[in-house]
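Encoded as structure tokens, the structure appears first; notes follow it.
Both backbone and side-chain heavy atoms feed into the values below; hydrogens, waters and symmetry mates do not.
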Amino acid sequence: MMKVADIMSTRVVSVSMDDRLSVVYDIFRQVNFHHLVVVADKRLIGVLSDRDLFKAISPRVGTKAATPLDDTSLNKRVHQIMTREPITLNVNAGLMDAVKLFNRNKISCLPVVDDKHHCVGMLSWRDIFHYIEQKKSSSQK
């Protein structure tokens with residue numbers, strides 16, 4: 001049985017509940033992924049997507065048209081816009097467990113946690129598609 005640990009992304013960036021959205025904005029500008037985990041005492045307590053961020057800040061932030069008032073939207077805190085108690089998968093879960101969760105919920109990523117609820121990875125539907133594509137190409141060789 002294929003496990004989520006075999007295909008998840010282990011590059012996870014975390015923020016705290018009290019971080020300002022300016023920190024989140026800078027992280028998303030520097031990295032090539034779409035979700036951050038929110039942790040407290042090393043335990044997962046939430047998820048924040050780039051879509052959550054862009055809904056919460058002025059659309060003019062980062063442009064020449066931005067005013068000081070637009071930039072104040074970056075002073076909000078992570079806890080104001082994060083998704084609390086996100087749906088998660090245990091690191092030992094199977095790939096089909098992940099597929100079922102994606103199909104039953106309107107989510108685009110699943111934080112993967114260990115038994116202490118520490119986030120050890122992220123799984124997106126893109127990771128699953130990438131795995132399927134690799135498996136198909138290797139079977140055609």
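Between Met122 and Cys109, the shortest heavy-atom contact is CE-SG, 3.4 Å. Listed here is the closest heavy atom pair of Val4 and Ala98: CG1-CB, 3.9 Å. A pairwise comparison of heavy atoms in Leu44 and Pro86 identifies CD2-CG, 4.0 Å as the closest pair.
Proximity of Ser16 to Val39: side-chain heavy atoms (C-beta onward) are nowhere separated by under 4.5 Å. At least one side-chain heavy atom of Asn92 sits less than 4.5 Å from a side-chain heavy atom of Lys3.
In this view, Arg51 and Ser108 satisfy the side chain to side chain donor-acceptor pair (under 3.5 Å) rule, not counting sequence neighbours. Among residues two or more places apart in sequence or in another chain, the side chain to side chain donor-acceptor pair (under 3.5 Å) test is passed with Ser49 by Asp52. Scanning for side chain to side chain contact (heavy atoms under 4.5 Å, CB included) contacts around Val91 gives Ala5, Met8, Val112, Val120, with sequence neighbours left out. In this structure, Ser73 has no side chain to side chain donor-acceptor pair (under 3.5 Å) partners at least two apart in sequence or on a different chain.
Membership of the apolar cluster around Val31 extends to Val13, Val15, Met17, Leu21, Val23, Val24, Tyr25, Ile27, Phe28, Phe33, Leu36, Val38, Ile45, Leu48, Leu53, Phe54, Ile57, Val61, Leu74, Val78, Ile81, Met82, as traced through chained side-chain contacts below 4.5 Å between ILVMFWY residues.
When hydrophobic clusters are built by joining Ile, Leu, Val, Met, Phe, Trp and Tyr residues whose side-chain heavy atoms come closer than 4.5 Å, directly or via intermediates, Val12 is not grouped with Ile107. Under a hydrophobic clustering in which Ile, Leu, Val, Met, Phe, Trp and Tyr are joined whenever their side-chain heavy atoms come within less than 4.5 Å, directly or via other members, Val99 and Leu110 fall into the same cluster.
In this structure a side-chain-to-backbone donor-acceptor pair under 3.5 Å is present from Arg84 to His79.
Residue pairs meeting the salt bridge (Lys or Arg N to Asp or Glu O under 4.0 Å) criterion with at least one partner in residues 62-76, sequence neighbours excluded, are Arg60-Asp70. Applying the salt bridge (Lys or Arg N to Asp or Glu O under 4.0 Å) test to every pair with at least one member in residues 99-124, sequence neighbours left out, gives no pairs at all. The ring pair (Phe, Tyr, Trp, His ring centres under 6.0 Å) pairs that include a residue from residues 100-134 are Trp125-Phe129, where partners are two or more places apart or lie in different chains. The list of salt bridge (Lys or Arg N to Asp or Glu O under 4.0 Å) pairs with a residue in residues 17-43, not counting sequence neighbours, reads Asp26-Arg29.
Taking a 6.0 Å sphere around CD of Glu85, one finds it holds 12 or fewer heavy atoms contributed by other residues, nucleotides or ligands.
In this structure, Ile7 CD1 and Asp127 CG are separated by 6.0 Å, a value rounded to the nearest 0.5 Å. Taking CG of Leu123 as the start and OG1 of Thr10 as the end, the distance is 12.0 Å to the nearest 0.5 Å. To the nearest 0.5 Å, atoms CG (Leu101) and CE (Met96) are separated by 11.0 Å.
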